[in-house]
2 protein chains.
Amino acid sequence: FAGGVESLDYEVIENYAYREEQAQRGKFWVPYYIVLKWVFSLLIGVGTGLAAIFINLAVENFSGWKYAATFAIIQHSYFVGFVVYIIFNLVLVFSSVYIVTHFAPAAAGSGIPEIKGVDTHGILLFRTLVGKIFGSIGSVGGGLALGKEGPLVHTGACIASLLGQGGSAKYHLSSRWVRIFESDRDRRDLVTCGCAAGVAAAFRAPVGGVLFALEEVTSWWRSHLMWRVFFTSAVVAVVVRSAMNWCKSGKCGHFGSGGFIIWDISGGQEDYSYQELLPMAIIGVIGGLLGALFNQLTLYITKWRRTYLHKKGKRVKFYCSKDNEYNDLATIFFNTQDDAIRNLFSAKTFHEYSAQSLITFLVMFYSLAVVTFGTAVPAGQFVPGIMIGSTYGRLVGMFVVKFYKKLNVEEGTYALLGAASFLGGSMRMTVSLCVIMVEITNNLKLLPLIMLVLLISKAVGDFFNEGLYEVQAQLRGIPLLDSRPKQVMRNMSAKDACKNQKVVSLPRVSRIVDIISVLRTNKHNGFPVVDRGQNGESLVIGLILRSHLLVLLQSKVDFQNSPFPCGPGILNRHNTSDFVKPASSKGKSIDDIHLTEDELGLYLDLAPFLNPSPYVVPEDMSLAKVYNLFRQLGLRHIFVVPRPSRVVGLITRQDLLLED
Amino acid sequence: FAGGVESLDYEVIENYAYREEQAQRGKFWVPYYIVLKWVFSLLIGVGTGLAAIFINLAVENFSGWKYAATFAIIQHSYFVGFVVYIIFNLVLVFSSVYIVTHFAPAAAGSGIPEIKGVDTHGILLFRTLVGKIFGSIGSVGGGLALGKEGPLVHTGACIASLLGQGGSAKYHLSSRWVRIFESDRDRRDLVTCGCAAGVAAAFRAPVGGVLFALEEVTSWWRSHLMWRVFFTSAVVAVVVRSAMNWCKSGKCGHFGSGGFIIWDISGGQEDYSYQELLPMAIIGVIGGLLGALFNQLTLYITKWRRTYLHKKGKRVKFYCSKDNEYNDLATIFFNTQDDAIRNLFSAKTFHEYSAQSLITFLVMFYSLAVVTFGTAVPAGQFVPGIMIGSTYGRLVGMFVVKFYKKLNVEEGTYALLGAASFLGGSMRMTVSLCVIMVEITNNLKLLPLIMLVLLISKAVGDFFNEGLYEVQAQLRGIPLLDSRPKQVMRNMSAKDACKNQKVVSLPRVSRIVDIISVLRTNKHNGFPVVDRGQNGESLVIGLILRSHLLVLLQSKVDFQNSPFPCGPGILNRHNTSDFVKPASSKGKSIDDIHLTEDELGLYLDLAPFLNPSPYVVPEDMSLAKVYNLFRQLGLRHIFVVPRPSRVVGLITRQDLLLED
Ligand SMILES: Nc1ncnc2c1ncn2[C@@H]1O[C@H](COP(=O)(O)OP(=O)(O)OP(=O)(O)O)[C@@H](O)[C@H]1O
Ligand SMILES: Nc1ncnc2c1ncn2[C@@H]1O[C@H](COP(=O)(O)OP(=O)(O)OP(=O)(O)O)[C@@H](O)[C@H]1O
Ligand SMILES: [Mg+2]
Ligand SMILES: [Mg+2]
């Protein structure tokens, strides 16, 4: 894999320290834990809502000042005005690029592919959060062909992750009391809440946010998580709404009227006739084609850029690829994309645009969006997608108006359908996209039409390539597991999947020097631990993680002289928080460990620290089944073992229906 | 468990027949399978939509005739009119009871608890479908205090299940071409679509339907299933909408204007002040209390009824518990509950009701709903719940109007919140309920308020007891697994869960007489199969299901004389469809098998028919982890095995990222 990407591990490591801690938990631990979970969900909602408001405020106000200044100057000299306008945009975009390249490289791009199920190094740090917020203000305010929803999702995820680890340790913003979310699972749940909050904030679409998190972010879904996610989204909706009410009174400068993406077309077309289904299906096909083309073009461009610009060194890449390439282009276009979309969607306005201007706009904006894609600034793909889609949607709508003269046709509805089709064709999201489109247009009655269009465009797009986020993730070396096992896996067994593997394992009591050499000679992240049973036969007693080994090696307190298992009762030296994954997945490395010659000769009993019950599969289980197990439970390691010699017991539904 | 309840089994049984069939599949099998899946989703949507329209048409028309007749007669004599009215209702309710008791006993009640994750005998048959449709016409048309949403969900599930098994074999409505959904998983997916379709049809709430299926029906959720479920719901929406348009032209008799539950209050209150949050929270608390009380009362009543009425024999139970007990009461109340709710929710109508009449209505309807609950007729709990909730909601709203005089308060909004709070307090559904409420009122802006109320009422309710469907399911002996493992399970190991078990297993080549005696002497549904390895050590080679054993015993073709494993290549005697579970889970029983003395002495090699790779867990894995595995993958059997002696290989994310 690319450097810095690690799998998440939803498994509970039931080692000695964990069991101790479970046993010592007071009566109030569980209630405290539950309350904290909900409080955090609330805070994530509030935080993401405020971030969204801040970004919007800043963008709108920058645009406002920009226009005001330009108009004032243009009265005197057209040329000076234009130059000022360009300089203003350049400064904004340049500051965004500067923030991202010098301060928070992980804040580049959309951020959605990175949080889709693995732990990418540095993606959820405090500096990334700050970089993302200010970076997207610069890039959106500077008039680039991109939106702020992707960044908002990432912002929500960062806030959630920071809360989950109890604040940012590096900036001394952390407290012991809130550091009880120690497993990947708990933290991931919070991140899921954060992503939903981001979507909810970007589109004011709480239900869409929940479904987005469900469809795109989480691989392991439980219905009680859904409720918490929903709560967070609703909090965002309340926060944003309050802020907008407050701004209505004029206290926020240029912000207020249009701040958030929302195109209320509830007054628009209510009805459709069956003849209209044909043009709508055509919109779907166009969306699928253009969307797939978009994915393909961006793939080529990113690849090309990577090989070509790499020669000039890393830093140059961002500078020139940004400033000269786009800004002069971007300035041709109007500035607040939200307003443009609002016009494109507008109901009851026939012939507002000429076909020619729409086509020109489509071609230019499409190229611009393709080129802008994957640059160093924080960028969302939703808004450009909606712009492109609604343009050709409106074009089709105009033809429909011309041909079926007598129908009660709204061009605005077609623009909406076009937007849905393009997003469906490039992102391949389904339910969540559908609900988001309904929520932003506030018109439930269009749901079946949007669905029809989405079905078609997704099917057409799937015929050519994968979705935008998948393509992007592949490019960045992020290993995402599809929700379905591949067809070939049905005919493979678990053993086939690890045929040429020489399993690297450790004995229960290992010499320090052996452990070091094992850690140095390979990059595996988990090792089976083997012991001898009473009759001298070998027994696999568990799995030890590299990260835990590194913690043990660094603390040194568990080293012992004897090569025999340590007795019980000497093990209160660690609590679970010692083993908790640090904020960035990079964590410790073997090179950070410095041991003396003497220490290298000592022994370490691994038994108290290992995960005593990793998941196992018999060697001839089909790989498709293993895949489901892995994916469905969010695992990181599975042991492939020989057939068991006997069955100790059977567990069925009845055995799990214990009374509490 | 109660008779006739069986676990579903999402596991793919990769036995010889399955592998053969996989290998023989033509190039077009996969496309055909996918197309059929979508076609079936379409058909489920159309079918459920039509069923909903039919039920509504019938109910509305019956009510129409009833009222027309009553009014005509009442001109002459008040008493005769009343008698006619009662007789009309009695006939309807009686016919509903008759249908259910004599024809389709599984059609009684709501049906939702029965399809929540297990396979209840007879619950998804063709006769149940017919019984449910006509039964709910009778019971709703007869003016009982119940709704038609539960029955519609059940109807959708029946349609889906029938399609899944390729029609009803018993009524010769089945075709080979469509019988390719052979596993519990495929069929369950269709049932999930059906349930969503039911909710979508009942409330015209497609998104709510999807979320309902997600939250309440399925235990194993994948995002590509969501898209199919969503498609089905949207189809329902289109079908229902077309029918309503068609009916607007007056072709459907009394049907048309109000047919479906939908209270459009989008013109209602847009805004709320922070002072109003207190009364709204109070509504939430009331909802939680009344809802929990409702669950508790219905529990007692059903228990009491069961013990008391059981003495009088089974059939009497339904008759008297229905006709005399409720109808005279029910007739006091107006008939079309939808209209009543529409009035209760109505915006811009102050002081439409007096507080006194609301309280009277609340007390009476609440008692009536409690008593009606759990009777023999098909019954939904949604509409009564909405009635109760909106009544006290409106009451609170009236007080709010009185006290905060200057606020722009809508009593209708309070009625809506009351409805949400009562449903939340008794059913404990969250996201789906929220979305359903938003969709039926067509007002997205109330979402945060509904959520607040639901949060409170659910928390209050959870403090006292479990949700309505869980209580109901327990009463009926339906073993539902909670989505979370119980707290005690954390301190138990897998071995503890099956401590006193003497595992009943079979040798690879078993004598028929031994198999018969194993099947007779216990009721287990799965048996480990043990063989000897090359060195004489014992090896567990798989799991054989009781149902498969019965198929083999009945067909007899695999019996052999020699007590040694059969060679390869003689195994084309079965294809997978032989082993497919029949429509009703009852299936074959050991008493159906009749063998001669000679046959009893023969042998059977189980190896080709067993599931060679059941899921296994090591004996000291904590039960909480086992629980997650079981629940998350929808398993039926897990083997608890000793620690493995070695690790053949490790599977990590990288190993599963094969290129197709
Ligand atoms: N202890 C081990 N012995 C032998 N092979 C191993 C061992 N651990 C992992 N492998 C194999 O090495 C490869 C990479 O292993 P690694 O531990 O880096 O996991 P990964 O798939 O990269 O996921 P991650 O690093 O995110 O946990 C995989 O093919 C895996 O099967
Ligand atoms: N082969 C077996 N040997 C010993 N005990 C078994 C065996 N199979 C099941 N059991 C135990 O018997 C009990 C009931 O088993 P049964 O097979 O009826 O499953 P169940 O929980 O009722 O689920 P279902 O019948 O729906 O599959 C459980 O406690 C189970 O652990
Ligand atoms: Mg790795
Ligand atoms: Mg059983």
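By convention in this document, chain letters (A, B, ...) are assigned in the order of the sequence lines, proteins followed by strands, and residues within each chain are numbered from 1.
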When you measure from the side chain of A/R646 to the backbone N and O of B/V641, does any donor-acceptor pair fall under 3.5 Å?
-> no

Which one of [options] has the most heavy-atom pairs closer than 4.5 Å to chain B?
| options | value |
| --- | --- |
| A/V647, A/D482, A/L214, A/T652 | A/V647 |
| A/V504, A/I638, A/T430 | A/T430 |
| A/G533, A/P528, A/A624 | A/P528 |

If I measure from the heavy atoms of chain B, does [X] come under 4.5 Å with its side chain, its backbone, both, or neither?
| X | value |
| --- | --- |
| A/V503 | side chain |
| A/P485 | neither |
| A/E215 | both |
| A/L480 | backbone |
| A/Y18 | side chain |
| A/K502 | neither |
| A/N611 | side chain |
| A/E11 | side chain |
| A/K625 | both |
| A/A494 | both |

Applying salt bridge (Lys or Arg N to Asp or Glu O under 4.0 Å), name anything that partners A/R636, two or more places apart in sequence or on another chain.
-> A/E6

Measure the [atom1]-[atom2] distance between [X] and [Y] for me, rounded to the nearest 0.5 Å.
| X | Y | atom1 | atom2 | value |
| --- | --- | --- | --- | --- |
| A/R428 | B/W227 | CZ | CH2 | 12.5 Å |
| B/R631 | A/L656 | CZ | CG | 11.0 Å |
| A/R653 | B/L481 | CZ | CG | 4.5 Å |

Between [options], which residue shows the highest count of heavy-atom pairs closer than 4.5 Å to chain A?
| options | result |
| --- | --- |
| B/P644, B/G526, B/A237 | B/P644 |
| B/A234, B/G649, B/S538 | B/G649 |
| B/I541, B/V617, B/L543, B/V626 | B/I541 |
| B/E216, B/E537, B/M621 | B/M621 |
| B/V12, B/L539, B/L650 | B/L650 |
| B/Q22, B/M492, B/R484 | B/R484 |

side-chain hydrogen bond (donor to acceptor under 3.5 Å, both in side chains) partners of residues 614-624 of chain A, not counting sequence neighbours, each pair once = A/D620-A/R643, A/S622-B/E14

Any side-chain heavy atom of B/L623 within less than 4.5 Å of one from A/D655?
-> no

Does a side-chain heavy-atom distance below 4.5 Å link B/S645 with A/V540?
-> no

What part of B/F630 lies closer than 4.5 angstrom to a heavy atom of chain A: side chain, backbone, both or neither?
-> side chain

Where does B/L635 contact chain A at under 4.5 Å (heavy atoms): side chain, backbone, both or neither?
-> neither

Nearest non-hydrogen partners of B/V238 and A/P448, listed with the distance = CG2-CB, 3.4 Å

Is the number of heavy atoms from other residues, nucleotides or ligands within 6.0 Å of CZ (B/R25) greater than 12?
-> yes

Using side-chain contact (heavy atoms from CB on, under 4.5 Å) as the criterion, point out the one residue from A/L447, A/L454, A/L455 that pairs with B/F230.
-> A/L447

Any chance you could lay out the side-chain contact (heavy atoms from CB on, under 4.5 Å) test for A/V616 and B/V616, step after step, and finish with the verdict?
-> CA-CA 7 Å; A/V616 299; B/V616 299; 3.7 Å; yes

